[in-house]
Amino acid sequence: MSDASIGILSGVPQQAGIGVDQIAFPSRDGYQGLVSSLRDSGFELCADLCAVDYLTHPGRRLPDGIGPERFEIVVNLLSLSQKRRLRIRVQVPEAEPVVDSLFDVYPGTEAMEREAFDLFGIRFAGHPDLTRILMPEDWEGHPLRKDFGDGRVPVQFKEIPGPR
Amino acid sequence: MSSMENHESEPRAIERPAWSTRETSEGAQGLFPRRITEPGEIGRESGAVLRLPEGPVLDPSQIDIDRPDDETMIINMGPQHPSTHGVLRLMLELDGEVVLRTKSVIGYLHTGMERTGEDLTYVQGATNVTRMDYLSPLHNELVFSMATEALLGIEVPPRAVWIRTLMCELNRVGSHLMWMATNGMDLGSTSMMIYGLREREMIMTFFEKTTGLRFNTNYIRPGGVAADLPDGWLDDIEVICDTVEARSFEYDDLLTGQPIFRERTEGVGSLTAEEALALGVTGPLLRSTGVPWDLRRTMPYMAYGELDFDVIVGTYGDNFDRYAIRLAEIRESIKMIRQLIEKMPSGDYRLQDPKVTPPPRGRIDTSMEALIHHFKIFTEGFKVPEGEVYTAIESPRGELGCYIVSDGSSKPYRMHIRGPSFVNLQCLPLLLRGGLLSDAVAVISSVDPVMGEVDR
Amino acid sequence: MGLEDLPHNFLTGTVEELVKWARRSSVWPATFGLACCAIEMMAAGAADYDLARFGMEVFRNSPRQADLMIVAGRVSQKMAPVLRQVYDQMMEPKWVISMGVCASTGGMFNNYAIVQGVDQIIPVDVYAPGCPPSPETLMHAILTLHEKIRTGEITKRRAEGRPLELEPAPSSPWTPDVPTAVRLGTPR
Amino acid sequence: MDQYLPVLGLLILGILFAAGSFVGSALLAPRKKPSAAKLSPYECGIVPELDPPARFPVRFYLVAMMFIIFDIEIVFMYPFAVVFRQLGTFGLVEVITFSVVVFVSLIFLISSGALTWGPVKRLTRGMPSRTSESTIARITADPASGRAA
């Protein structure tokens, strides 16, 4: 753990994940600042950005001081020089699902953020082209939300599993 | 379908980004040579990405770009196109034959696999995941199984680890051979298509012999491997290794000997290291720019720690480098397969823990307990402790990651697959800018996107 | 008067046989490769399982020069209008092979994103089972189609309906005309 | 009079061929009225909202012009080839001057950049020739540290 990133992460509640993973839980407004300072401190590549909907699974392990919200943005950073990964999980309330966009820090997250917007409806402030990427343009609703019916065509010999 | 009129009538939820009027350092999209553009601009790449609603194909005069000569036309290199490797659609802004800006429109193969993954138990999960990247399905199964095993906190027996590495390396050789075939076909050498697929058939028959199916096999499962290697597998693999290695030099002479092939690949679609890192590109694309990042070497998983192989790195980051890297990686994988054959440990190929591995069929008729285990695993599936994990492996296209959140039940609560092609596609506008339309064909095939993994 | 108004009689009998035989032995497929089945279709077209033996040497990419559309792979909701457009733009007479279970019935993906069976969009002649169907299965489907061409009507006397307007939820799916009796088994 | 018999024959054959193809297609073509989709241009499957752009960059028309130059030249070469023996050197000089004049316009077209379609960004100029082995570097795992760089 290079001392630069220790200093940056000191103020942020952390948690040790499975195996060697390390997870940080910044607040929504400190999120973009933390990511850009992390990039300068050695995390050259943003491997993955995805969203999770915790509607039907509220009781998840969170470090104290972090209120569980419905949505969560999970960012995986990868440091090539230190051969290390860091996961950042940001809570996003259901009432106002807006998060700062990471486009200015990592231009590679543009498509991932568009996918999170398309499938979950989480908007990214400052994103250059926030339109649907996977679903057709005129599709209503965000399919990966837990309360979105799974569009299953009833099969003859199987009872219809209601939306979970 | 959103036709032109109702496009304006329905309130645009998102206001149109003002990129068109903002003065970028390239002026009004003027064609300045790249070295004048500062890195910041390149990183942002608003210069090369065409940000338009993907619905109708617009007339350039309607999108108020202040171009002095409105001679640019926007055309569709659409979903049904011979050289877009599946159902990728590119909206290209062309000035004559020169590509100015591109928008890659995806989603034409969106199968909602992450949603289906939430309805399948961990035992069935691999069948869903294996259909994402259909050129290297065993890598998908491996990353899903490793993520599940990390959540369960179980260790896979050594023979299963070595069998998994062997099958994944064979799959990598098959995927790179398919890439050599389609890349040759795109650049006009149909004989390369026939040769590439002929070699790949040998690997397919070996997969069919071992797993029962040519691909989409569901062979690598949480807890080990579905079946042991068939007898006589040793000389099958030796035949494959000798033939493919000998013929890879033939492909080299066939392709690099041709001036047409060299003209269409050298200097075309070049990428620099900081652009690649900024865009999150991994795999042969990143290595072609000179960054020696290969997860099998830097973060070894499975049996890669004990194998001796080279990481191949390019110099110019153009199409020719990527071709040379993939050709050399075929030979590296064969070198690894030869080591795997010698040191293959014996022992059981699946974890003996009855909670995770169903008992062999024979024992069900005799012992009641085996029947109960069998019934519980196949109907309800084994329960995975609550938690979340992200594991990543090196698939032929880059870093393939699997993020699973489990809520303690027997079905993953959220299963997200980080597709390398999905991220690598973002460097297309950057690579196509300023090149000819025929170069666009060569660049798309050298980025090697697999649409099943892009659209998930 | 078009070819289909040819009266069935003694004189035109052999002309029909000749036309049907000619069509059967040079059916050019339009690649509609979508997903994993497309890889199997390529493998079927390559050296080991050569499709050229059945007169399908070249895979035409533009629908204007193709007779047969092999829908190889799962059809998503966003792809449905494209599929319908390419089918409409194909020249008569045209046939459709729905390759793989995902194209035939939606397969294992019974969810919001996949059209549950491509026959909701276009009339299908032959369904090839399998996920992915091995090249042999695809060839069996192609030979079945050849049988159908050889023994069927000169041009498909199709229900004269206007092409299906694709509303978001097609209330009554286009009921394909019942294919004439197709003799399975080893084709002659 | 008999000189013009072959010309008459050629004319009749031409008309017969043209009329024959129209009648044949009217006879055999399916009578169904083509649907709107079939008439619309093929846009790789996308339903085009707008008709394709009418204005094309000038380069395409320049290439068409070059074709016309060679086309006219060939059209005049045919009759010359039939009788070039009777015309002797006079005919030869005549044809050479004709083709030189036509060739000048071609030179002008090429010099005005009609054929330079090359992409703006080309790195090959000044790029050393390389083989598939020379362009890659191999990084082996240095056995000492057990982990490579």
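Chain identifiers are assigned alphabetically (A, B, ...) following the order of the sequence lines, protein sequences preceding nucleic acid strands; residue numbering begins at 1 within each chain.
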If every non-hydrogen atom of B/Ala278 is compared with every non-hydrogen atom of A/Pro107, which pair is closest and at what distance? O-CD, 3.3 Å
In terms of heavy-atom proximity below 4.5 Å to chain A, should B/Glu399 be classed as side chain, backbone, both, or neither? side chain
Can you name the one residue among B/Leu109, B/Val454, B/Thr111, B/Ile106 that meets side chain to side chain contact (heavy atoms under 4.5 Å, CB included) with A/Leu134? B/Ile106
Rounded to the nearest 0.5 Å, what separation is found between the CD atom of B/Glu118 and the NZ atom of A/Lys146? 3.5 Å
Would you mind checking which part of A/Val74 comes under 4.5 Å of any heavy atom in chain B, side chain (CB onward), backbone (N, CA, C, O), both or neither? side chain
Just wondering, do A/Leu119 and B/His110 contact through their side chains at under 4.5 Å, heavy atoms? yes
Under 4.5 Å from a heavy atom of chain A, the part of B/Thr391 involved: neither
Contact class of B/Val389 relative to chain A, heavy atoms under 4.5 angstrom: both
Contact part of B/Ser406 toward chain A, heavy-atom cut-off under 4.5 Å: side chain, backbone, both or neither? backbone
Indicate the atoms forming the closest heavy-atom contact of A/Pro143 with B/Arg115, along with that distance. O-NH1, 3.2 Å
Donor-acceptor under 3.5 Å (B/Tyr403 side chain, A/Leu49 main chain): no
Taking the side chain as every heavy atom from C-beta outward, state whether A/Glu44 and B/Val291 have any pair of such atoms under 4.5 Å apart. no
Select one option (side chain, backbone, both, neither) describing which atoms of B/Leu295 are under 4.5 Å from chain A's heavy atoms. side chain
Does any non-hydrogen side-chain atom of A/Leu144 lie less than 4.5 Å from one of B/Glu114? yes
Is chain A contacted by the side chain of B/Val281, its backbone, both, or neither, given a heavy-atom distance below 4.5 Å? backbone
Could you please state which residues from residues 85-94 of chain A sit under 4.5 angstrom from chain B, measuring non-hydrogen atom to non-hydrogen atom, sorted by number, or 'none'? A/Arg85, A/Arg87, A/Arg89
Rounded to the nearest 0.5 Å, what separates atom CH2 in B/Trp293 from atom CG in A/Leu80? 4.5 Å
Can you run down the salt bridge (Lys or Arg N to Asp or Glu O under 4.0 Å) pairs that involve residues 46-68 of chain A, sequence neighbours left out, and say none if there aren't any? A/Asp53-A/Arg70, A/Arg60-A/Glu72
For B/Gln426 against A/Ala111, the heavy-atom pair lying closest together: OE1-N, 3.2 Å
Within the 4.5 Å heavy-atom criterion, are B/Arg414 and A/Tyr54 side-chain neighbours or not? no
A/Gln15 CD to B/Glu388 CD distance, which is reported to the nearest 0.5 Å: 7.5 Å
